[in-house]
Structure formats: C-alpha cells, structure tokens
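In what follows, a single structure is set out as structure tokens and then discussed.
For clarity, every value in this text was computed on a predicted model and none was experimentally measured. Counting begins at 1 with the first residue of the sequence.
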Amino acid sequence: MIETDGQEGESTAGPTVLAALANPRTESALVTVAGALAKQRGGRVLAAHVVRVPDQTALSAAAEDDRLRADSERLLEAATADSAGMGVAVETRTVFSHRAIAEVFDLARRTDAGAVVMGYGGARLAGGRAESPLDELAYELPCDFLVLNEREFDPSRVLLPTAGGYSSDLSAAVARALRDALGSTVSVLYVADEGETDAGRRFITTWAAERGLDDAEVVVETGGVEAAIERAAAEHTLVVIGATERGLLSRVVGGSLTLSVLNELDTSVLVAERPSDRSLRERLFGRR
C-alpha cells in the first residue's frame with residue numbers, strides 16, 4: 001500500500017465518515033451520503049480514492065504514473081467541492097493498493113472512522129472468489145458500513161423498509177441525516193402479517209417516532225416483503241435498508257455474495273449494517 005495525502009480541510013474533533021471512491025460517476029452520490037452523515041454526527045468527511053493496482057505492477061510505479069495521479073486529483077477535487085457544498089470539513093487522500101477492498105477496511109481502522117460509504121460497483125473489485133472463515137475475519141466490519149447501488153442518485157424521496165432489525169437504527173439515522181441536510185422526505189415501510197395491519201401500524205409509528213422520524217409517512221402493507229418493497233420503491237427515489245443478517249455486507253464486499261435487492265430494483269439502494277459483536281470463536285467456527 002502507498003498512501004498520498006491530499007487536501008486537508010478545517011480541523012474537527014468530530015468523528016470521521018470515510019467515503020471510499022473508485023469511480024467518478026458515483027463520487028457525488030457517495031460524498032453526498034457521507035457529507036449528510038458527517039454533518040449529523042458533527043464530524044468530517046475523509047474522501048479516499050482507493051486505486052486498485054494489478055499484482056504485476058509495483059505500487060511505487062503506479063504512484064508515479066502521471067495519468068493515474070491526474071485522474072485521482074480530478075476525482076478528489078470534485079469530492080472536495082461536493083463536501084464543501086454540504087457544509088462539512090473534508091480531507092482527501094489517494095491510496096494505491098493491490099487489495100482494494102481490504103484496503104478500505106484497513107483505512108477505516110487506521111483513521112478510526114465511524115462509518116464507511118462505498119459503491120456496490122467498488123465492492124465487486126474483490127472478485128467472485130468463495131469466502132472462508134478466515135476471509136471473513138479480514139472483512140469483519142470495523143464500523144458502520146453503507147453500500148450504495150446508485151441508479152441516477154436522487155435522495156429527494158427516501159423509502160425506509162424495516163421490521164425493526166438490528167441494523168435498522170443505522171438506516172433510520174441515515175434517512176434522518178438526508179432529511180436534515182437535503183430536505184428529503186422519508187417514508188417508513190412495514191410489512192405486517194395478514195390481519196395484523198393495525199398492530200403493525202402502531203409498532204412502526206412508535207418505532208419511527210423513537211428514532212426522530214415522527215414526520216415520516218408510515219406505509220403498512222401485507223404479503224411478501226420483496227414484492228411490498230418493490231411496489232413502494234416505485235414511488236420513491238432512494239431505498240435505505242438495514243441489513244437483516246449479521247455479516248451480510250462483509251460477504252457482499254468480500255465478493256462472495258450478491259445481494260438481490262441491489263440488483264432487482266430500478267431505484268438506488270443504500271444498504272446499511274452495523275458491525276458485528278460476534279466473538280473470535282464464533283467467527284472462526286460458527287455459533288455453538
């Protein structure tokens with residue numbers, strides 16, 4: 001790994017939100033999400049361009065490549081401008097590495113980031129190899145993680161499907177951050193069992209209010225969860241959904257799992273997961 005410092009913005013003692021950038025097309029969307037979250041947390045954005053270097057190319061040669069450096073500078077200049085537009089401090093850096101996805105995890109640990117925002121396309125850089133328990137250790141989430149599958153990113157109408165799962169608090173915080181920073185409208189979707197619509201509405205109304213989303217539209221449906229999300233997503237521009245299984249995004253970014261909701265909706269999807277608290281033994285050998 002070779003890391004080059006870029007521009008450093010105003011100093012701030014608040015938490016760091018790492019925007020892991022790989023593609024100019026998705027830079028603005030990722031920085032917008034990171035900026036909204038940093039603003040909510042009273043922190044800063046660290047915009048990092050992680051350049052994946054082929055194994056046969058020396059990192060020192062890549063770092064001295066004028067074209068690569070110029071491309072990175074343009075990308076980070078755009079990230080700086082977008083962060084400034086969000087009203088948050090920003091620092092930029094370029095990282096040349098043979099192991100791009102693992103480098104994102106390492107960078108999050110080195111900078112003590114409180115959250116990482118990255119693109120799904122960037123996540124696939126790891127390839128399609130099968131994952132072993134030891135691979136999972138390498139990709140154990142170091143902090144809150146947000147993976148965006150961006151389709152003409154528009155955060156104006158946010159849909160938050162939830163059943164109150166363990167990562168739903170993070171997805172609620174992200175929806176609230178987008179509302180507060182960008183004026184997004186938020187709808188909360190709950191899929192109830194047949195005959196439980198009223199109970200479901202009471203549950204999700206209370207759940208939303210307790211998480212600062214008392215102004216959100218509450219939508220309660222019955223039937224299949226996937227079909228309900230698909231119907232509701234058609235009326236919204238961004239779906240923010242908490243991972244329903246611990247370790248889910250570790251497998252997505254590790255290249256061993258394709259998350260169907262990322263591919264099946266025409267709307268941009270942001271999947272959120274909080275880090276696992278599983279023990280080392282559980283991660284190596286599974287639950288006993």
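Residues that satisfy the side chain to side chain contact (heavy atoms under 4.5 Å, CB included) test with Thr206, not counting sequence neighbours, are Glu210. Residues satisfying the side chain to side chain donor-acceptor pair (under 3.5 Å) test with Thr16, not counting sequence neighbours, are Arg44. Looking at residues two or more places apart in sequence or on another chain, you find a side chain to side chain contact (heavy atoms under 4.5 Å, CB included) between Thr111 and Leu46, Arg93, Leu107, Ala113. Contacts of Thr57 classified as side chain to side chain donor-acceptor pair (under 3.5 Å), with partners at least two apart in sequence or in another chain: none. Under the rule for a side chain to side chain donor-acceptor pair (under 3.5 Å), the partners of Arg74 that lie at least two apart in sequence or sit in another chain are Asp71. By the side chain to side chain donor-acceptor pair (under 3.5 Å) test, Glu217 is found to be paired with Ser187, residues two or more places apart in sequence or in another chain being considered.
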In sequence, state the C-alpha distance, the side-chain angles, and the governing distance for Asp154 and Ser268, and then conclude on side-chain contact (heavy atoms from CB on, under 4.5 Å). CA-CA 8 Å; Asp154 175 2; Ser268 294; over 6 Å; no

I'd like to know whether Leu160 forms a side-chain contact (heavy atoms from CB on, under 4.5 Å) with Val174, so could you lay out the CA-CA distance, the side-chain angles of the two residues, the decisive distance to 0.1 Å, and finally the verdict. CA-CA 10 Å; Leu160 174 57; Val174 173; over 6 Å; no

Give the intermediate values and the outcome of side-chain contact (heavy atoms from CB on, under 4.5 Å) for residues Val186 and Val240. CA-CA 10 Å; Val186 180; Val240 181; over 6 Å; no

Could you please spell out the steps behind the side-chain contact (heavy atoms from CB on, under 4.5 Å) verdict for Leu148 and Leu238? CA-CA 10 Å; Leu148 176 68; Leu238 174 66; 4.2 Å; yes

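Here the CZ atom belonging to Arg109 is positioned 12.0 Å from the CG atom belonging to Asp112, to the nearest 0.5 angstrom. Between the CG atom in Leu37 and the CG atom in Leu170 there is a gap of 7.0 Å [rounded to 0.5 Å]. The CD1 atom of Ile229 sits 7.5 Å away from the CG atom of Leu159 when rounded to the nearest 0.5 Å.
Legend: salt bridge (charged side-chain N to carboxylate O under 4.0 Å, His left out) pairs involving residues 173-198, not counting sequence neighbours, sorted by first then second residue: Arg179-Asp215. Sequence neighbours left out, not one pair with a member in residues 29-38 passes salt bridge (charged side-chain N to carboxylate O under 4.0 Å, His left out). Residue pairs that meet the salt bridge (charged side-chain N to carboxylate O under 4.0 Å, His left out) test with at least one member in residues 225-240, sequence neighbours left out, are Glu221-Arg231. Note on residues 160-173: pairs passing salt bridge (charged side-chain N to carboxylate O under 4.0 Å, His left out), not counting sequence neighbours, are Asp169-Arg211. Every pair passing side-chain hydrogen bond (donor to acceptor under 3.5 Å, both in side chains) that includes a residue from residues 19-35 is listed here, sequence neighbours excluded: Arg25-Glu150.
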Name every donor-acceptor pair, under 3.5 Å, that has one atom in a side chain of residues 59-66 and the other anywhere in the protein, sequence neighbours excluded.
{"from": "Asp65", "atom 1": "OD1", "to": "Arg67", "atom 2": "N", "distance (Å)": "2.9"}
{"from": "Asp65", "atom 1": "OD1", "to": "Leu68", "atom 2": "N", "distance (Å)": "3.0"}

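The two residues Ala233 and Thr267 have their closest heavy-atom pair at O-OG1, 3.2 Å. Taking all atoms of both residues into account, the shortest heavy-atom contact from Ala48 to Leu18 is CB-CD1, 3.8 Å. Of all heavy-atom pairs spanning Pro275 and Asp144, the tightest one is CD-OD1, 3.5 Å. The two residues Ala228 and Val191 have their closest heavy-atom pair at CB-CG2, 3.6 Å. When all heavy atoms are compared, the tightest approach of Phe105 to Pro142 is CD2-CD, 3.6 Å. Closest approach of Glu103 to Ser97, counting heavy atoms only: OE1-OG, 2.8 Å.
Panel note: side chain His236, backbone Arg157; no donor-acceptor pair is recorded below 3.5 Å. Put simply, the side chain of Thr94 never gets that close to the backbone of His49: no donor and acceptor are under 3.5 Å apart.
For the pair Val218 and Trp207, the minimum side-chain heavy-atom distance is 4.5 Å or more. The shortest side-chain heavy-atom distance between Tyr190 and Val188 does not fall under the 4.5 Å cut-off. In this structure the side chain of Val116 never reaches within 4.5 angstrom of the side chain of Leu141, judged on heavy atoms. Side-chain contact between Thr237 and Glu152 is absent, with no heavy atoms from C-beta onward closer than 4.5 Å. Glu77 has its side chain out of reach of Thr80: every pair of non-hydrogen atoms, C-beta onward, lies at least 4.5 Å apart. Taking the side chain as every heavy atom from C-beta outward, Val31 and Leu21 approach each other to under 4.5 Å. Residues Arg99 and Asp106 form a side-chain contact, since some pair of their non-hydrogen atoms from C-beta on lies under 4.5 Å apart.
Heavy atoms of other residues, nucleotides or ligands lying less than 6.0 angstrom from CG of Asp55 number more than 12.
Each of Leu189, Leu265, Asn149 was compared with Val239 under the side-chain contact (heavy atoms from CB on, under 4.5 Å) criterion, and only Leu265 meets it. Of the residues listed (Ser168, Ser167, Ser171), the one engaging Thr162 in a side chain to side chain donor-acceptor pair (under 3.5 Å) is Ser168, and it is the only one.
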